[in-house]
Amino acid sequence: MSASYILKRIALIFYTLFVVSILVFGITQILPADAAVMMLGENATQGALAALRDQMGLNDPIWLQYLHWAGGVVQGDFGTSLRTGQTVGPALFSALGTSLTLAVLALALMLILAVPMGILAAVRRGKLSDLVVGFLSYIGVSLPEFVTATLAVVLVADLWGLLPPAGYIPLSEDFWGGMQRLILPVCVASVMMIAHVSRMVRSELVDVMHTDYIRAARLKGLTRRRVLFRHGLRNALLPTITIVALDVGYLLGGIIVVEEIFSIPGIGRSLMSAIQARDLPVIQAGVMIMAATYSIVNFAADLMYAWLDKRIQYD
Amino acid sequence: MVKTNTVLQVENYSLAYDVKGGAVQVLNGIDLMIRRGEILGLVGESGSGKSSMASAIMRHLAGNARENDGSIWLGETDLRTQSEHQMSAIRGRRVSMVFQDPATSLNPTLRLGEQLAEVLIRHQNLTMAQAWAEGEARLAHVGLKTPREMMQRMPHEVSGGEKQRVVIATAFACNPELIIFDEPTTALDVITARQILDLFAALQQETGVASLYISHDLALLSQTADRVAVLQKGMIVEEGETGTLFRAPQHAYTQTLIAAAPQPERRLVQPLDRAAKPLVSVRDVTVNYGRKSLLDSLLRRDFAPVVGSRAVTLDLRPGEVLGIVGESGSGKSTLAKAMTGLNRFEGLIEFDGKPVRGLSDMDANYRRDVQIIFQHPDASLNPRQRISEILARPVKLYGKGDGSVRERIVAMLERVRLPASYIDRYPHELSGGEKQRIAIARAFLSNPRLVICDEITSALDVSVQASVIELLMELHRDTGAAYVFITHDINLVRQIAHRIAVMYRGDLVEIADAERIADADRAPYTRKLLEAVTPPASTHSA
Amino acid sequence: MTDFLGRLLRSPQGALGCLVVGLILIAVIFGPYLTHYGPEHMSPLARYKSPSAEHWLGTDQYGRDIFSRLLDGARSTVLLAVVATVIGTLGGAIIGTGSAYLGGRADEFIMRTNDAVMAIPSLLMALMVVSLLGSNSLNALLAIAIAFMPSMARISRSVALTVRKQDYVSAAIARGEGATYIVLREMLPNVIAPIVVEMTIRVSFAVMLFATLSFLGLGAQPPATDWGLMVSEARQYLHRSYWILLWPSAAIALTAIGFNLLGDGLRDALNPRT
């Protein structure tokens, strides 16, 4: 892995953000809503509206508006919310922190469950445990988050009363209380990934266990344990890194639904309400932050892959 | 019942695999015996069951395997009564294996040292440090110059020959009683293969290990093995001391195999009219791979393209068969691709007096006159087209000729000795040799003047290869087309080529008459290549 | 063709997938004839009923027959999901194969940009498009089609590049075949199979995405019978009956499982070499 590869990869992140910024700015520009009307209300006088439009630069050509906006973004200024009148940045970043807590916990839960499930299914291929894992994963990838979330709330919170149905307490304030409220959202957010990743781990491991080098390892008289864990698993898990990183994109989408249903003040919920209120600066900033998160995760995954798999020659 | 110096004794062993709708018999009543210090060669074509024999001895069979009550003894141990747990202590310690392709039999993500040391740790109870030191000594012993560095390397960082040396060192690591060699040189280049064979001979001599040497290559076995057993469709049809077996083969199948092996002295091609002016002139043709990346231009870095072939110049007369030999990566296929417009090239190709400088100069006439046949018929025949559509294309593209398209296809099928009923089949319903005949038929349907054969027989069995070559030479006689015959099989090319071009790392080393290729005044690389080739079996022992 | 169907039905996934998708298709086509209740027919006296011989799946908060509503919803939910996937796949396939065909710098530029667009989660992309165009089913369809394009473009491109490198394509080029023949007869049949497999699996995603949009109030609007909307509305009446929530959820899951199974079955059956 050379410095120029890392450099190229970083340049790619910036290109991604550039494309996303154009896209999101473009989309929000076509929105029929008029920011000035939104701020002053339907009953504002024409004069007041015109003055505000002028002040906000809404009469400038689009490219100038983009440059103005993008210039602000580069300096960390995402503008002010049309709905609340507050600056967008600080509120969204604190919401991002909440969402990341949720996402990291969901990822951790996924890894803890999906990898052993995949290994079990691959090792006991064609046996009962394989069928059970396969069946569960079919169900897992076929349940949208809003269904799992609703069912989870009905069963665990309403019917059995085991956990609070919704709400959020920062972990720094009350760790156990916060955790209690996070259990359901984390489980719901990870279901789809658990199903997907366990299937991937299984099929990769099944492929790897049929390679010549695994046969060679067995015929060297190595123990089953060593063949599976030292020779098989490492090679099977390598491609999984990339798959997990791509799934993070899905997770970020799923978090929007989860936060909405469980009333968690994360970035997904901020985005949802911004979309419903057509609060352009918040939508723009939220999408940019999500895309950046996704890009950085994939960058990290690529570096990790390159570090672990030294076969790959990067130029 | 087991004699004291007998290492492996297989008696009346049969094996079948359960598949949908019955069982497929792969081994039938096998009797084999190998003594200490002896090398038994097991020869057979693909599907003969020779690899299943290795798996049976290693007790590493698929779940659907069904065995009879035949016995497999390793010394005093009845291998068939061993549990999986007991077997794993025997594998690698008392019987070990060397595999065909070192590129796939080594774990790509583990250091070579670990893959060697783990055997010593498992079977000799050494600590990691002891095993590592012992491993270095073993690597030095198999002729690796820098064993300490080699231990630290990853498989992709070393050459194919070095990898196979590591595999061999691993197989010999615990001084086993028996080593099974499963085509250990087939995946290697000629010169590397020769070095590995020499290493095998030296180690075998030194340790006196009993060896089961599995190969499809009779010539090779005639030189390495003490005794040879011939396996056909799961049965040993003949077994005997190597010299006797090759001098006086008893069974018809053995005779066919020996006859099918290419023999340089038995020329299959008519002498050529040397006066004719060239059909093709290749002038300074260079092919580069890769392109300058955007980052390279931005950083103003120099761009070093990968050279496919460098300034190649050669002539080909009408009706001439030109062989091109060289190891993998020597640029022989690159040249073929340039001549058929599949690679960009610099330089000039003159065909029948008309200059061709690039893709745009290759008009319909050139396309019709120059045909290419690829190595793997599986890949070169579209899996979703019937034979009728595959063979109809050249007829439709180049027109001419009498009769309907279908009639011409049927006639061509007959010419390549395939039943006319194949016309409505899909490629996957045909055998490897039959598919290659379809590819040949496709090339000859356009009445070409030059046919480029890119390793067309190397994926085929010996006997199939012989019949494909026979067909090819028959078509050569009938049509007078010139051939560029690219191969790594030097014995074969000496049989069928008028002249042979030797390539090495993108350069054309020299071109010589096929009869003079073994002369003493050839280029050093050519001599090295020829020395590495195993002479065909029967000529020397006969 | 019969050969292919035989292979499809022999694998457990293929057979199950065909069964489920077949049932769903029957519901989509013959839905209205399978029940004598209209989807919007209210019976104030028969609200929150559990499943019975009269109302197979029970009734909802207005006394509407849930089975009839599900059948009616199948039309919008499944049909729109299939259409959205087909549009998304076609769009993606054109971008992907076009990019592979152009090659070089153009290919790199298109794919880098395509990857960049993939940094926006599909659901978020769909949400943005719907909020831009307005919340209704047709816009949701368009939103999902657009959200699918980048990933389908990536898949199509890699499939096209793999096929492009095959020797039979090289053979066609060396023969001097025209670009049209190479693309249509040599490449397309081999490219289509894996894309159809991917598309079938994508339908299940589209069904879920559709339902999610409706659930969030950005797809179909009441009193439509969209399954996602039914789940969303049912949440308020949970304390009266769980069935209102359960049936549409099960319908979504079953449809998604059906298309997933069918896709996996097709993958095995479409490979001519096995």
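This is a predicted model, so every value here is computed, not measured. Letters A, B, ... are given to chains in the order of the sequence lines, protein chains preceding strands, and every chain is numbered from 1.
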Between S204(C) and chain A, with a heavy-atom cut-off of 4.5 Å, which part of the residue counts as in contact: side chain, backbone, both or neither? neither
Non-hydrogen atoms of chain A under 4.5 Å away: do they reach the side chain of L218(C), the backbone, both or neither? side chain
Validation row: Q65(A), F25(A) side chains within 4.5 angstrom (heavy atoms): yes
Against chain C, work out which of L151(A), T150(A), L23(A) has the most heavy-atom pairs shorter than 4.5 Å and name it. T150(A)
Region of V248(A) that comes under 4.5 Å of a non-hydrogen atom in chain C: neither
Ranked by heavy-atom pairs below 4.5 Å to chain C, first place among L251(A), V24(A), I261(A) goes to I261(A)
Begin with the C-alpha distance, continue with both residues' side-chain angles, and end with the deciding distance and a verdict on salt bridge (charged side-chain N to carboxylate O under 4.0 Å, His left out) for D264(C) and R199(A). CA-CA 12 Å; D264(C) 285 349; R199(A) 270 176 95 169; 2.4 Å; yes
F148(C) six-ring face occupied by R202(C) cation (under 6.0 Å, within 45°): yes
Given that the side chain runs from C-beta out, which part of I139(A) has a heavy atom under 4.5 Å from chain C: side chain, backbone, both or neither? both
What residue, out of V141(A), V153(A), N298(A), has the most heavy-atom pairs lying under 4.5 Å from chain C? V141(A)
Part of L143(A) within contact of chain C (heavy atom distance under 4.5 Å): both
Please answer whether the main-chain N or O of G140(A) pairs with a side-chain N or O of S137(A) as donor and acceptor at a distance below 3.5 Å. no
Chain C contact via Q276(A) - which portion, at a heavy-atom distance below 4.5 Å: side chain
Using the rule side-chain contact (heavy atoms from CB on, under 4.5 Å), only one of T89(C), I94(C), I95(C), N114(C) pairs with M152(C); which is it? T89(C)
Interchain contact, I275(A) with chain C, by part (heavy-atom threshold 4.5 Å): both
Going through the distances and angles, do V133(A) and R202(A) end up as a side chain to side chain contact (heavy atoms under 4.5 Å, CB included)? CA-CA 10 Å; V133(A) 170; R202(A) 177 191 180 275; 5.8 Å; no
Is it true that D107(C) and S99(C) share a donor-acceptor pair across their side chains at a distance under 3.5 Å? yes
Below 4.5 Å from any heavy atom of chain C, which atoms of M288(A) appear? Answer side chain, backbone, both or neither. neither
Acceptor/donor pairs from residues 290-297 of chain A side chains to any protein atom, 3.5 angstrom cut, sequence neighbours excluded:
residue	atom	partner	partner atom	Å
T293(A)	OG1	I289(A)	O	2.7
S295(A)	OG	A291(A)	O	2.8

What I want to check is whether the side chains of T212(C) and E145(A) have a donor and an acceptor closer together than 3.5 Å. no
L209(C) versus chain A, heavy atoms under 4.5 Å apart: side chain, backbone, both or neither? neither
Can you name the one residue among T85(C), I155(C), V82(C) that meets side-chain contact (heavy atoms from CB on, under 4.5 Å) with M199(C)? T85(C)
Residues in residues 116-127 of chain C near chain A [non-hydrogen atoms, under 4.5 Å]: A116(C), V117(C), M118(C), A119(C), I120(C), P121(C), L123(C), L124(C), M125(C), L127(C)
Which atoms of L245(C) come close to chain A, meaning under 4.5 Å heavy atom to heavy atom: side chain ones, backbone ones, both, or neither? side chain
Nearest 0.5 Å please: distance from the OG1 atom of T162(C) over to the CZ atom of R157(C). 9.5 Å
Checking L271(A) against chain C: side chain, backbone, both or neither under 4.5 Å from a heavy atom? side chain
Could you tell me how the ring of W243(C) sits relative to the ring of W247(C): parallel (under 30°), tilted (30 to 60°) or perpendicular (over 60°)? parallel
Structural part of F205(C) lying under 4.5 Å from a heavy atom of chain A: side chain
Counting heavy-atom pairs under 4.5 Å with chain C, the top scorer among L246(A), T148(A), V257(A), V154(A) is V154(A)
If I take atom OG1 from residue T77(C) and atom CD1 from residue I252(C), how far apart are they, to the nearest 0.5 angstrom? 7.0 Å
So do the side chains of Q13(C) and R267(C) get within less than 4.5 Å of each other, counting heavy atoms only? no
Under 4.5 Å from any heavy atom of chain C - which part of Y250(A): side chain
